[in-house]
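Following: one structure in structure tokens, then a few remarks.
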Amino acid sequence: MEWGVTLPHLGRVGTRDGLTSFASEVDRLGFASGWASDHVCWPAELVSKYPYSDDGSFPAPPKTGWLDPIGTLLFVAAVTENLRLGFSVLILPYRPPVETAKRLATIDVLSNGRLILGVGVGWMREEAEVLGMPWDRRGKRSDEQLEVFRTLFAEDDPSFDGEFYSFPAVGFEPKPVQDPVPVWVGGNTAAAYRRVARHGHGFHAAFETLDDVAAGWSQVGDACDAVGRDRSEITLSLRYYLDPASAMKPAVSVAGSTEQMIDMVGQVAETGVTHFVLDPVARGGIEGRLDALRAFMADVAPHFS
């Protein structure tokens with residue numbers, strides 16, 4: 001099992017000092033990856049339903065501090081040496097693809113090849129509208145964005161002529177260090193599973209029950225079969241809370257005593273997850289979260305090496 005961790009880029013802990021101390025310590029502890037989530041702004045009143053809460057409510061109030069995920073990963077690249085840098089997830093319909101590709105290539109170059117391009121199509125129509133970006137057919141637009149990225153990253157004189165995006169032959173340098181940049185697809189719909197099969201190197205699930213993760217992973221397999229893809233080529237990753245005080249929803253948390261955590265991680269491993277991203281929930285700010293992660297790496301992680 002590889003271990004990832006959600007970076008502290010939300011709320012009061014999302015500061016220069018907080019990110020520096022947190023990222024450098026999890027790098028030292030041996031975590032494989034650090035992850036940032038994507039929101040730019042959102043109205044005080046939403047009609048769109050958040051897909052990962054029971055009642056559809058979005059847990060972050062409108063004035064929650066939320067650092068930009070691209071900027072966050074660029075910053076963390078500079079204060080770490082080994083930590084891979086992932087999006088959980090980057091919402092493709094929020095940004096124009098050529099500009100986004102430049103920023104992604106920059107992360108990969110400046111991190112010496114540590115980017116994981118976690119992608120999704122989003123759920124908050126109102127946010128896209130504030131950003132002046134189209135919401136209709138966003139799945140097809142996102143698929144075409146991934147084709148734009150691949151073209152810009154791989155071809156010497158890239159050009160593109162698609163349904164939604166087009167540009168003449170351009171110079172696009174530097175290319176990412178990684179060839180290809182790994183794409184990990186998030187989502188829990190049939191379209192997302194097909195996107196994994198067509199474009200993905202990983203399937204990134206988040207805050208879903210293990211039954212739902214297993215069902216989604218099975219559908220990823222079906223989608224791979226349909227396009228002649230071997231599912232063994234694809235990484236299954238999962239993001240859950242690390243919650244020693246058992247404050248969060250138990251079904252999507254690694255919580256409680258060491259023995260309870262070992263049992264839960266064992267169940268996660270049985271679903272096929274090989275990259276487990278922990279979202280630490282603990283009192284005491286940055287140091288409280290780091291204490292929870294240190295205890296996990298000392299007491300739980302060695303059982304799954």
Side-chain angles (χ1 to χ4, degrees), residues 1-7 26 29-37 51-52 82-90 114-120 182-190 192-197 199-225 229-244 246 248-256 258-281 292-293 295-305:
M1 184 76 76
E2 287 188 320
W3 310 105
V5 62
T6 301
L7 297 165
V26 297
L29 287 170
F31 279 88
S33 60
W35 298 76
S37 299
Y52 303 111
N82 303 299
L83 200 69
R84 296 172 72 189
L85 307 167
F87 297 104
S88 179
V89 287
L90 191 70
R114 290 188 275 145
L115 176 63
I116 299 173
L117 178 52
V119 298
V183 174
W184 290 17
V185 177
N188 56 3
T189 65
Y193 307 140
R194 292 193 296 269
R195 190 167 296 115
V196 177
H199 302 287
H201 306 91
F203 174 47
H204 183 58
F207 304 123
E208 296 186 69
T209 68
L210 292 180
D211 286 344
D212 288 341
V213 173
W217 188 227
S218 176
Q219 291 185 65
V220 168
D222 293 341
C224 287
D225 291 343
R229 184 98 187 270
D230 185 349
R231 193 181 68 172
S232 67
E233 300 172 356
I234 297 171
T235 298
L236 175 58
S237 67
L238 177 62
R239 177 182 173 190
Y240 268 10
Y241 297 113
L242 175 63
D243 180 24
S246 300
M248 307 302 287
K249 187 176 179 180
V252 295
S253 302
V254 177
T258 298
E259 291 73 21
Q260 289 172 314
M261 289 187 181
I262 291 170
D263 179 68
M264 185 58 165
V265 176
Q267 294 178 53
V268 168
E270 288 176 0
T271 68
V273 171
T274 57
H275 198 110
F276 198 7
V277 179
L278 302 173
D279 197 336
V281 178
L293 293 166
F296 180 90
M297 292 301 278
D299 301 333
V300 179
H303 292 269
F304 303 91
S305 59

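For the single chain, residues carry numbers from 1 onward in sequence order. Note that this is a predicted model, so its numbers are computed, not measured.
Atom SG of Cys224 sits about 3.5 Å away from atom CD1 of Ile234, to the nearest 0.5 Å. For the atom pair CG (Asp225) and CZ (Arg231), the distance works out to 8.5 Å, reported to the nearest 0.5 Å. The CG atom of Leu278 sits 12.0 Å away from the OH atom of Tyr240 when rounded to the nearest 0.5 Å. Of the inter-residue distances, the one linking Trp184 atom CH2 with Phe203 atom CZ reads 12.5 Å to the nearest 0.5 angstrom. Rounding to the nearest 0.5 Å places CG of Leu242 at 6.5 Å from CZ of Phe296. Interatomic distance, Asp222 CG to Tyr193 OH, rounded to the nearest 0.5 Å: 11.0 Å.
For Asp299 against Ile262, the heavy-atom pair with the smallest separation is O-CD1, 4.1 Å. The two residues His275 and Ser33 have their closest heavy-atom pair at NE2-OG, 2.7 Å. In plain terms, the two heavy atoms of Arg239 and Thr6 that are nearest each other are NE-OG1, 3.4 Å. Contact record, Pro280 with Leu293: CG-CD1, 4.1 Å, taken as the closest heavy-atom pair. Across all non-hydrogen atoms, the minimal contact from Val281 to Pro244 is O-CD, 3.7 Å. When all heavy atoms of Thr274 and Met1 are compared, the closest pair comes out as C-SD, 3.6 Å.
Counting only heavy atoms from C-beta outward, the side chains of Glu208 and Asn188 approach each other to under 4.5 Å. Contact of the Leu29 side chain with the Trp3 side chain is not registered, since no non-hydrogen atoms from C-beta on lie closer than 4.5 Å. When side chains are defined from C-beta on, Val213 does not count as touching Val268, because their heavy atoms never get closer than 4.5 Å. When side chains are defined from C-beta on, His201 does not count as touching Leu117, because their heavy atoms never get closer than 4.5 Å.
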Evaluation steps, side chain to side chain contact (heavy atoms under 4.5 Å, CB included), between Val252 and Tyr52: CA-CA 10 Å; Val252 295; Tyr52 303 111; over 6 Å; no
Quick one: do His204 and Val119 satisfy side chain to side chain contact (heavy atoms under 4.5 Å, CB included)? Show the steps, please. CA-CA 9 Å; His204 183 58; Val119 298; over 6 Å; no
Is there a side chain to side chain contact (heavy atoms under 4.5 Å, CB included) between Met297 and Phe31 once you walk through the steps? CA-CA 9 Å; Met297 292 301 278; Phe31 279 88; 3.4 Å; yes
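Between the Arg84 side chain and the Ala32 main chain, no donor and acceptor come within less than 3.5 Å of each other. Between the Asp243 side chain and the Ser253 main chain, no donor and acceptor come within less than 3.5 Å of each other. Here the side chain of Ser37 pairs a donor or acceptor atom with the backbone of Ser88 at under 3.5 angstrom.
Qualifying salt bridge (Lys or Arg N to Asp or Glu O under 4.0 Å) partners for Arg194, counting only residues two or more places apart in sequence or in other chains: none.
Judged as a side-chain hydrogen bond (donor to acceptor under 3.5 Å, both in side chains), the pairs with a partner in residues 210-219 (not counting sequence neighbours) are, in order, Thr209-Asp212.
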